[in-house]
Amino acid sequence: MENTASQKKGKKPVVLSCIQPTSVPTLGNYLGALKNWKKMSEEYDCVFAVADLHALTVHPEPAKLRQQILEMYAIMLSIGLDPEKNITFIQSQVHAHAELAWILNCYTQFGEASRMTQFKEKSQKHADNINVGLFSYPVLMAADILLYQANYVPVGADQKQHLEIARDIAARFNQIRGETFTLPEPYIAKVGAKVMSLQDPTQKMSKSDPNPKASISLLDTPDVIIKKFKSAVTDSEACVRYAEGKDGINNLMGIYSCCTGLDFDQIEKEFEGKGYGDFKVKVAQAVIEELKPVQENFSRYMSDKAYLLDTAKKGAEKAEAIAARTLYKAKKKVGLPI
Ligand code: TRP
């Protein structure tokens, strides 16, 4: 990684990411993102948040949202993020996010926000509710990132454009008002798989897939996990090997590799002469083992809501201390009284 200003001062780079409190993450979210959060949390100064303000754009039912925010926070702790060593909090509990977002709205061009593919896609999908929040969603995301002077932001392909606009907004603000924000860079994980749907392995595994057999939830029971893997779509070659055109098997091999640490050659050897039935059960078992500690932690945390709420509050206080400094700077630079 290149030498950024914060590294020169001998500080660790700051890594920031957020996750929306929609339904329970999938195995894809876990292997592709959350598991890497845990790894990064050991190396960097990490800031992780539940992006609950972003979730408001789709008008979730309030009681359901409240529950999902808590569950997502519990999941962050359950995957092993240590609230003592990292900053783990709920976005809406730190008011600087909404405040900086407003200032940044005024430094974002209508044209550039209109070009966001996610906005265009979402507006098409929800033509009855194209609200302004949906439009300025990337500006709030920019505020999330810039408040903590993040050096790196681990994001999937679907959020790359949002990270680019965050950089553009930061660069514009810095240029007009003077050096204020660190320009964030995308963090591309060295490991971690892109997990595909079990029913259509040409598509990414998605929590919004209408076919429940297509995705594994982080909280699926062992029985359900076995059933879903048994019905995973494969091919008719009956040979466990990684090859073009074998999307279903390639996907299962990727999942197995992520959970066991074995590489593809080793996996091919292990299943030489064996059928897909055996392989699918082995993959399911590896996933069950991988998720077991997360699930155990999750039920422990969810049975102690007071602890969760208290930990979130403390996390928000730590976040607030950093965010307030950046907000102060930005307000001063634009001429607001402080
Ligand atoms: N928009 C992101 C998503 O849906 C979530 C998010 C909100 C985020 N704020 C962020 C991701 C800041 C990275 C950094 O996945």
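The first residue in the sequence is number 1, and the count goes up from there. In listed order, ligands and their atoms are each counted from 1.
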Check ligand 1 for close polar pairs with the protein: N or O on both sides, less than 3.5 Å.
residue: ligand 1; atom: 1 (N); partner: Tyr137; partner atom: OH; Å: 2.7
residue: ligand 1; atom: 1 (N); partner: Gln159; partner atom: OE1; Å: 3.1
residue: ligand 1; atom: 4 (O); partner: Gln20; partner atom: NE2; Å: 3.4
residue: ligand 1; atom: 4 (O); partner: Tyr137; partner atom: OH; Å: 3.1
residue: ligand 1; atom: 9 (N); partner: Asp144; partner atom: OD2; Å: 2.6

- Hey, could you give me each pair passing side-chain hydrogen bond (donor to acceptor under 3.5 Å, both in side chains) that has a residue in residues 247-261? Not counting sequence neighbours. Tyr256-Glu270

- Message: Please tell me whether Thr326 and Tyr148 have a donor and an acceptor in their side chains that are separated by less than 3.5 angstrom.
- Response: no

- Does the pair Lys227/Asp223 count as a salt bridge with the N-to-O cut at 4.0 Å? no

- Item | Under 3.5 Å side-chain donor-acceptor pair for Asn131 and Asn129 | yes

- Between Thr108 and Asn105, is any side-chain donor less than 3.5 angstrom from a side-chain acceptor? no

- Can a donor-acceptor pair be found between the side chains of Asn151 and Tyr187 at a distance below 3.5 Å? no

